Amino acid sequence: MDVQTLTYLIVGVTFALYIGIAIWSRAGSTKEFYVAGGGVPPVMNGMATAADWMSAASFISLAGIVSFVGYDGSVYLMGWTGGYVLLALCMAPYLRKFGKFTVPDFIGDRYYSQAARTVAVVCAIFICFTYIAGQMRGVGVVFSRFLEVDVDTGVYIGMAVVFFYAVLGGMKGITYTQVAQYCVLIFAFMVPAIFISVMMTGHILPQVGFGAELIDAAGNGTGTYLLDKLDGLSTELGFAQYTEGSKSMIDVFFITGALMFGTAGLPHVIVRFFTVPKVKDARVSAGWALVFIAIMYTTIPALAAFSRVNMIETINGPDSTGVAYETAPEWIKNWENTGLIKWDDKNADGKIYYAKGAESEMKIDRDIMVLATPEIAQLPAWVIALVAAGGLAAALSTSAGLLLVISTSVSHDLLKKNFMPDISDKKELLFARIAAALGIIMAGYFGINPPGFVAAVVAIAFGLAASSLFPAIIMGIFSKTINKEGAIAGMVTGLLFTASYIVYFKFVNPELNNADNWLLGISPEGMGMLGMVVNFVVAYGVSKVTAAVPQNVVDMVESIRFPKGAGEAHDH
């Protein structure tokens with residue numbers, strides 16, 4: 001069977017599986033829609049959390065970034081993984097003990113204010129829309145290549161699938177669908193990585209192959225290590241050494257921090273810990289999720305390095321002088337059809353050549369790297385089709401989680417808690433589904449008109465989460481002195497500060513987006529961490545000069561931190 005047929009077959013089977021699970025586990029109540037009835041086993045919740053967290057940015061784009069920029073790409077690996085540890089240790093168990101459905105619910109009750117709840121809703125929706133734009137872009141990239149449709153049509157197909165199981169199943173449908181999606185995406189990611197590691201280094205574990213010696217066609221050692229080879233190729237073509245970064249230390253620090261604290265403030269990940277029966281289960285499922293996430297994240301640097309070597313050698317040929325376009329590898333022409341690879345024969349010699357700057361005749365979208373890797377390495381057709389299914393599973397699983405946050409923020413936090421307190425369960429569920437449908441339409445628009453490549457868009461979402469929600473949540477758990485005025489002022493100031501900096505450099509004056517013009521040398525991707533500091537300072541300052549926190553709220557904070565027994569968390 002050819003790649004096209006196999007892709008239709010494997011993607012079709014996985015879609016049928018997801019939709020079948022959604023029908024089997026459809027939500028019948030608001031509790032099932034919001035938190036899957038609170039009865040998901042920890043191991044399954046760990047898988048679902050990993051699928052929710054490992055988005056198209058992780059599956060499709062992260063290895064692409066590391067592949068293209070080398071050492072500088074490590075900020076994403078460190079930031080996202082460190083953030084998950086922070087979330088699991090410092091936040092998840094306490095929020096589960098509190099027993100609310102959503103982050104705005106926690107902020108509204110902890111800061112005894114409907115205004116605080118509304119600000120948190122706005123922050124959550126803003127973050128989720130920024131994040132989901134990257135996911136829909138990822139869906140479009142996968143479909144454009146493997147179903148031979150344009151990116152826009154790919155986004156529409158993805159919208160239809162997510163609409164079906166997110167709107168029908170709610171958190172219950174999404175949770176069990178995400179368990180299946182995790183299995184698909186991790187299998188799809190690891191199979192080509194293992195294949196290529198064996199082919200290039202003789203090691204079955206890509207993590208070992210990453211630091212190993214390359215082998216020749218006969219299986220004998222060449223005396224050259226993978227990273228040494230990459231350093232040599234990179235400098236030969238005018239790029240910075242692969243193992244040395246070009247970013248300043250302060251920018252690396254701030255980007256890592258923004259991603260780390262942003263991860264801990266992401267509403268769609270936090271809500272996963274409300275789906276388990278007990279507080280202890282929240283801790284256990286957090287541990288399982290970290291194991292499931294680590295499988296992919298320790299493989300990404302290896303896959304990125306293997307892909308980079310293969311890509312450069314297949315484009316530039318063994319002597320690094322380029323290859324004739326007529327005899328160029330099939331994968332180049334396949335991806336040219338999508339518009340994500342472009343060739344411009346600048347010296348009219350009929351050869352393709354890839355390098356840094358004006359010499360390069362190839363323009364390659366970094367988001368294609370993982371999807372193109374099996375083709376570049378000439379792996380079997382079924383592996384290529386499997387990777388397409390994995391990329392879709394990653395993008396769709398996170399899209400569904402984000403849509404659920406948007407729908408619950410509107411129906412539960414805005415309508416039920418603010419404007420329509422007497423609304424029935426049935427009506428609330430209806431409004432949640434309408435909000436999810438509107439969310440999908442908005443997400444589709446951003447997927448068709450994306451403001452950047454997938455991981456950069458997602459990094460902005462993390463920066464916004466770090467500067468707005470994370471400080472309010474962490475202070476709400478660990479401080480008894482932050483009052484409602486402080487929390488609101490901090491969230492608004494942190495979000496506006498970060499968003500205005502990002503908008504200025506990304507959209508208003510993109511030509512000024514370089515280290516010479518950045519504040520303190522911090523890029524827009526890292527500004528979320530400084531925004532977080534601003535949030536903390538403003539919150540503490542305003543709380544000092546306004547009314548003290550009521551005693552009943554102080555007692556509530558005590559009960560979250562020092563629970564009387566760690567059994568069933570109460571639900572409201």
Side-chain angles (χ1 to χ4, degrees), residues 1-7 60 63-64 67-68 141-142 144-151 191-193 195-201 214-220 222 224 226 229-239 242 303-388:
M1 262 192 273
D2 63 4
V3 172
Q4 187 75 29
T5 310
L6 277 166
T7 303
I60 296 172
S67 187
F68 276 73
V141 169
V142 177
S144 68
R145 163 66 187 91
F146 293 107
L147 299 187
E148 293 187 353
V149 296
D150 59 41
V151 174
V191 165
F195 255 113
I196 298 169
S197 182
V198 170
M199 286 164 62
M200 291 180 71
T201 68
L214 295 167
I215 58 173
D216 58 22
N220 301 314
T222 60
T224 305
L226 174 68
K229 170 102 172 179
L230 256 178
D231 278 343
L233 285 171
S234 298
T235 51
E236 189 182 320
L237 299 175
F239 297 98
Y242 192 80
L303 185 68
F306 295 144
S307 302
R308 182 76 172 168
V309 170
N310 278 337
M311 186 197 80
I312 291 172
E313 290 193 328
T314 56
I315 292 176
N316 289 355
D319 56 357
S320 294
T321 59
V323 295
Y325 182 75
E326 285 74 24
T327 59
E330 194 66 28
W331 71 269
I332 293 174
K333 292 165 187 177
N334 288 338
W335 281 98
E336 247 190 325
N337 295 334
T338 68
L340 297 170
I341 281 186
K342 292 184 175 126
W343 174 56
D344 176 15
D345 192 7
K346 293 179 179 176
N347 57 8
D349 66 350
K351 283 184 168 186
I352 56 175
Y353 183 69
Y354 175 69
K356 187 179 181 182
E359 286 180 47
S360 186
E361 298 180 344
M362 294 290 291
K363 189 176 177 188
I364 302 168
D365 188 310
R366 63 183 72 183
D367 283 342
I368 74 164
M369 278 310 293
V370 169
L371 300 171
T373 287
E375 290 178 271
I376 296 171
Q378 299 181 323
L379 299 184
W382 66 268
V383 178
I384 299 169
L386 181 66
V387 169

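Note that the structure is a prediction, hence the values are computed from the model and not measured. Basis for what follows: all heavy atoms, side chains included, without hydrogens, waters or symmetry-related copies.
R308 pairs with exactly one of T373, L230, L226 by the side-chain contact (heavy atoms from CB on, under 4.5 Å) rule, that one being L230.
Remark: A217 engages no residue in a side-chain contact (heavy atoms from CB on, under 4.5 Å) (not counting sequence neighbours). Residues forming a side-chain contact (heavy atoms from CB on, under 4.5 Å) with E336 (at least two apart in sequence, or on another chain): Y325, K333, I341, W343. By the ring pair (Phe, Tyr, Trp, His ring centres under 6.0 Å) test, F239 pairs with Y354, sequence neighbours left out. By the side chain to side chain donor-acceptor pair (under 3.5 Å) test, D231 is found to be paired with T243, residues two or more places apart in sequence or in another chain being considered. For W335, there are no ring pair (Phe, Tyr, Trp, His ring centres under 6.0 Å) partners at least two apart in sequence or on another chain. Contacts of K229 classified as salt bridge (Lys or Arg N to Asp or Glu O under 4.0 Å), with partners at least two apart in sequence or in another chain: E313. By the side-chain contact (heavy atoms from CB on, under 4.5 Å) test, D216 is found to be paired with A218, N220, T222, residues two or more places apart in sequence or in another chain being considered. Residues satisfying the side chain to side chain donor-acceptor pair (under 3.5 Å) criterion with N310, sequence neighbours excluded, are absent altogether. Under the rule for a ring pair (Phe, Tyr, Trp, His ring centres under 6.0 Å), F68 has no partner lying at least two apart in sequence or in another chain. Residues passing the side chain to side chain donor-acceptor pair (under 3.5 Å) test with T5 are D2, sequence neighbours excluded. Residues forming a side chain to side chain donor-acceptor pair (under 3.5 Å) with T7 (at least two apart in sequence, or on another chain): none.
Nearest heavy-atom pair across Y353 and L237 is OH-CD2, 3.5 Å. Across A63 and A304, no two heavy atoms sit closer than the pair O-CB, 3.4 Å. Residues M199 and A377 approach most closely at CE-O, 3.5 Å, considering heavy atoms. Shortest non-hydrogen contact noted between W331 and A372 is CE3-CB, 4.5 Å. Smallest separation of non-hydrogen atoms from F306 and A193: CE1-O, 4.3 Å. Between G238 and K356, the closest heavy-atom pair is O-CD, 3.1 Å.
The backbone N or O of S197 sits less than 3.5 Å from a side-chain atom of T201, completing a donor-acceptor pair. Side chain of T314 to main chain of M311: a donor-acceptor pair is present (N/O by atom type, distance under 3.5 Å, no hydrogens or angles).
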I'd like a table of donor-acceptor pairs (distance under 3.5 Å, sequence neighbours excluded) in which one partner is a side-chain atom from residues 378-386, with atom names and distances.
none

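With values rounded to the nearest 0.5 angstrom, N334 atom CG is found 12.5 Å from L371 atom CG. The distance from atom CG of D345 to atom CD1 of I352, rounded to the nearest 0.5 Å, is 10.0 Å. Residue I312 holds its CD1 atom at 7.5 Å from OG of S67, rounded to the nearest 0.5 Å. If you take CG on N316 and NZ on K351, they are separated by 10.5 Å, rounding to the nearest 0.5 Å.
With contacts defined as side-chain heavy-atom distances shorter than 4.5 Å, the pair I315/I364 qualifies.
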